[in-house]
Amino acid sequence: MPTDLTGFGLPFWLDLERPRFPALEHVSSADAVVIGAGVAGLKLARCLDHHGIETLVLEGGQAGEGASSRNQGSINHGPGMSYLECMGRYSRDIARDLWNLGLENHRLLQDQIDEYGIDCDYQVDGMTSLIRRDVPEWQELASRQEREYDLLVEDGFDVSLLDDREARQTGGSELCVSGLRYNTDAQFHSGKFVVGLAEVVARLPHVRLYERTRVSRIENTGTETVVHANGQEVRARCVFLSTNALVPQFIPELERPLRAERGQVLVTEPLDARPCRGSFGTPLAWWREIFEADGRFRLLFGGGRSRDEPDSLFPQYDAAGQPHPRLESEGFRPSVAHQERLQEQFSKLFPQWASARITHRWGGLQSFTADNLPEIGLFDADRRIYGIAGFCGRGNCYSDVGAERLVADAFDRPARLSQTGRSLIDSIMRPHRTAAEWGNWRCLND
């Protein structure tokens with residue numbers, strides 16, 4: 001595979017016909033303004049419409065073109081930490097409730113697919129955390145995984161423990177020696193889903209969706225919040241911020257917990273043999289298969305970096321205190337350095353496909369907190385800005401439950417969410433918590 005990135009950049013999930021929505025060209029007002037038309041923003045708009053709240057959705061580019069379509073296309077119900085790690089940090093009860101909250105989110109997402117008839121290749125084929133034999137102390141990791149499996153089964157979760165043969169067969173790589181599989185996790189075409197959801201939301205009676213509408217400033221006049229976008233003013237009772245890695249551009253106090261990180265992904269040409277069965281994650285790599293209409297399969301492969309890789313981290317502001325110009329320009333592009341690491345992992349895990357032609361290669365800007373949980377709640381009381389950000393690569397685990405909680409909080413409406421879920425979000429996902437803040441870190445994008 002070459003390291004030349006010329007001609008790449010379009011995510012596989014966005015290589016399809018997409019609808020266009022109008023840009024904002026006039027002064028307007030609404031009960032609520034949602035900034036960002038990714039999965040979180042669209043679900044916020046859907047919840048607001050459900051309660052009859054007049055809503056404007058403002059998207060700087062096209063709906064769904066950010067992190068919502070630059071991902072693995074998986075639906076998980078566990079956060080970006082192990083069950084044992086979560087138990088050690090909080091308690092077993094909280095770990096169980098947190099995993100159940102992910103299942104609650106999955107049910108809400110599946111309800112939307114069914115209710116609106118969104119054709120997004122949804123199927124339940126599991127998500128597996130694999131142990132690799134080329135990782136130091138893999139035997140210890142495998143033993144720890146067995147302990148985690150026992151705890152998850154005791155707490156009522158549908159999981160399987162894969163032995164050496166099963167791990168190799170389903171994962172598709174000879175380096176796999178064992179695996180913990182979440183049987184109820186699913187895969188879908190994330191581009192088809194977010195585009196389909198945008199089309200649905202744009203038709204809702206209480207929602208107006210605008211694209212190519214870049215927000216430059218949010219201020220409070222004392223009686224209402226004013227959003228400045230495209231040289232126009234939009235007045236509202238409150239604002240919902242759902243721009244994930246770009247949230248600190250409007251809430252500087254959240255720069256410390258919401259670290260902007262670039263991920264990178266590639267997709268092969270259609271293959272004659274099925275490369276794996278489901279979605280998989282290992283240290284430094286994750287992958288899944290993609291079904292083609294003609295019966296063949298592509299292999300999607302991402303990762304290739306440690307969490308603190310300097311060339312994959314981006315500051316929010318430059319030395320003059322202005323929005324950093326490289327944040328968006330480089331954060332959504334693939335880089336040669338990252339690609340070389342990704343190719344190394346690909347060749348190690350899938351030498352049988354090392355010569356396959358790569359048809360799509362892209363970068364994506366994500367937002368991670370230090371404790372691997374999102375920030376959901378009131379971001380700025382003075383300007384009445386609510387928000388959800390810091391998905392840590394798990395937007396399909398928290399976007400629905402987060403939207404339900406935010407709308408209920410902002411407008412004092414009943415949430416279609418369990419009381420346990422509401423309490424959990426309010427406790428360990430509250431904004432401005434110390435646990436989410438990063439210490440000092442180094443980047444090459446200053």
Side-chain angles (χ1 to χ4, degrees), residues 7-26 28 30 33-46 48-49 55-73 112 116 118-121 188-204 207-216 227-232 234 239-247 249-250 260 262-265 267 323 327-334 359-367 387-389 391 395-396 399 403:
F8 291 98
L10 177 69
F12 174 83
W13 304 127
L14 289 182
D15 194 359
L16 75 173
E17 291 292 327
R18 287 189 279 165
R20 299 300 295 263
F21 302 100
L24 181 69
E25 296 178 343
H26 51 80
S28 191
V33 171
V34 176
I35 302 174
V39 290
L42 293 170
K43 289 172 181 182
L44 278 164
R46 177 177 174 272
L48 289 160
D49 178 82
T55 303
L56 267 63
V57 181
L58 308 181
E59 165 59 44
Q62 276 190 270
E65 69 180 7
S68 299
S69 55
R70 297 171 184 270
N71 49 40
Q72 189 175 9
Q112 292 157 33
Y116 301 128
I118 300 175
D119 182 8
C120 58
D121 306 332
F188 67 166
H189 191 300
S190 57
K192 290 180 180 178
F193 174 73
V194 72
V195 168
L197 187 59
E199 291 180 304
V200 168
V201 166
R203 295 194 298 266
L204 294 176
V207 177
R208 288 169 284 168
L209 171 59
Y210 296 101
E211 292 182 332
R212 303 178 308 284
T213 302
R214 186 65 179 242
V215 174
S216 58
V227 177
H228 298 264
N230 285 12
Q232 307 294 336
V234 179
V239 168
F240 295 88
L241 196 52
S242 57
T243 53
N244 206 25
L246 303 182
V247 160
Q249 298 288 297
F250 301 100
R262 176 181 53 213
Q264 206 148 304
V265 190
V267 170
L327 178 64
E328 291 185 74
S329 65
E330 301 300 323
F332 289 98
R333 295 176 184 171
T359 59
H360 298 79
R361 195 193 320 268
W362 69 91
L365 200 61
Q366 307 165 77
S367 182
I388 178 170
F391 283 116
N396 292 322
S399 54

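Just so it is clear, the model here is predicted, and its values are computed rather than measured.
Atoms CD1 and CG, from Ile388 and Leu241 in turn, are 11.0 Å apart once rounded to the nearest 0.5 Å. For the atom pair Phe12 CZ and His360 NE2, the distance stands at 6.0 Å (nearest 0.5 Å). The CG atom of Leu365 sits 8.0 Å away from atom CD of Glu328, with the distance rounded to the nearest 0.5 Å. Atom CH2 of Trp362 and atom CG of Asp15 lie 10.0 Å apart (nearest 0.5 Å). Interatomic distance, NE2 of His26 versus CG of Asn230, reported as 10.5 Å (0.5 Å rounding).
Put simply, the side chain of Arg212 never gets that close to the backbone of Pro22: no donor and acceptor are under 3.5 Å apart. Formation of a donor-acceptor pair under 3.5 Å by the Asp119 side chain with backbone atoms of Lys192 is not found in this model. The backbone N or O of His189 lies less than 3.5 Å from no partner atom in the side chain of Asp121, so there is not a single donor-acceptor pair. Glu211 contributes a side-chain N or O that, together with a main-chain N or O of Phe21, makes up a donor-acceptor pair within less than 3.5 Å. Here the side chain of Thr213 pairs a donor or acceptor atom with the backbone of Leu24 at under 3.5 angstrom. Side chain of Ser242 to backbone of Ile35: a donor-acceptor contact under 3.5 angstrom is found. A donor-acceptor pair is defined here as one N or O able to donate and one able to accept, closer than 3.5 Å; such a pair exists between the side chain of Arg262 and the backbone of Glu330. Looking only at distances, no side-chain donor or acceptor of Gln62 sits under 3.5 Å from a matching main-chain atom of Arg20.
The heavy-atom pair separating Arg70 from Gly363 by the smallest distance is NH1-O, 2.8 Å. Minimum interatomic distance between Ala229 and Leu58 (heavy atoms only, all atoms of both residues): CB-CD1, 4.3 Å. Between Leu14 and Gly64 the shortest heavy-atom distance is CD2-O, 4.2 Å. Nearest heavy atoms, Ile118 versus Gly196: CD1-C, 4.1 Å. Here the shortest heavy-atom pairing between Pro19 and Glu199 reads CG-CG, 3.7 Å.
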Practice prompt. Take Phe250 and Val239 through the test side chain to side chain contact (heavy atoms under 4.5 Å, CB included) and record every step on the way to the result.
Written response: CA-CA 11 Å; Phe250 301 100; Val239 168; over 6 Å; no

Practice prompt. Using the side chain to side chain contact (heavy atoms under 4.5 Å, CB included) rule, take Glu65 and Phe332 through it: C-alpha gap first, then chi angles, then the decisive distance, then the call.
Written response: CA-CA 10 Å; Glu65 69 180 7; Phe332 289 98; over 6 Å; no

Worksheet item: When you look at Gln112 and Leu197, which way does the side chain to side chain contact (heavy atoms under 4.5 Å, CB included) test go after all the steps?
Response: CA-CA 8 Å; Gln112 292 157 33; Leu197 187 59; 4.3 Å; yes

Practice prompt. Test side chain to side chain contact (heavy atoms under 4.5 Å, CB included) on Phe240 and Thr55 and set out the steps.
Written response: CA-CA 10 Å; Phe240 295 88; Thr55 303; over 6 Å; no

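Side-chain contact check for Phe188 versus Asn396: some heavy-atom pair is nearer than 4.5 Å. Contact annotation: the side chain of Val207 never approaches that of Leu48 to less than 4.5 Å [non-hydrogen atoms, C-beta and beyond]. Taking 4.5 Å as the limit, some side-chain heavy atom of Trp13 sits within range of a side-chain heavy atom of Asn71. Looking only at side-chain heavy atoms (C-beta outward), Thr243 and Gln249 stay at 4.5 Å or farther from each other.
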Taking distance alone, no hydrogens or angles, what donor-acceptor pairs closer than 3.5 Å link side-chain atoms of residues 37-46 to residues at least two apart or in another chain?
residue	atom	partner	partner atom	Å
Lys43	NZ	Ser399	OG	3.3
Lys43	NZ	Asp400	OD2	2.8
Arg46	NE	Tyr116	OH	2.9
Arg46	NH2	Glu115	OE1	3.2

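No more than 12 heavy atoms of other residues, nucleotides or ligands shown are found within 6.0 angstrom of CZ on Arg214.
Just one residue in the list Ser68, Ser69, Cys120 forms a side chain to side chain contact (heavy atoms under 4.5 Å, CB included) with Phe193, and that residue is Cys120.
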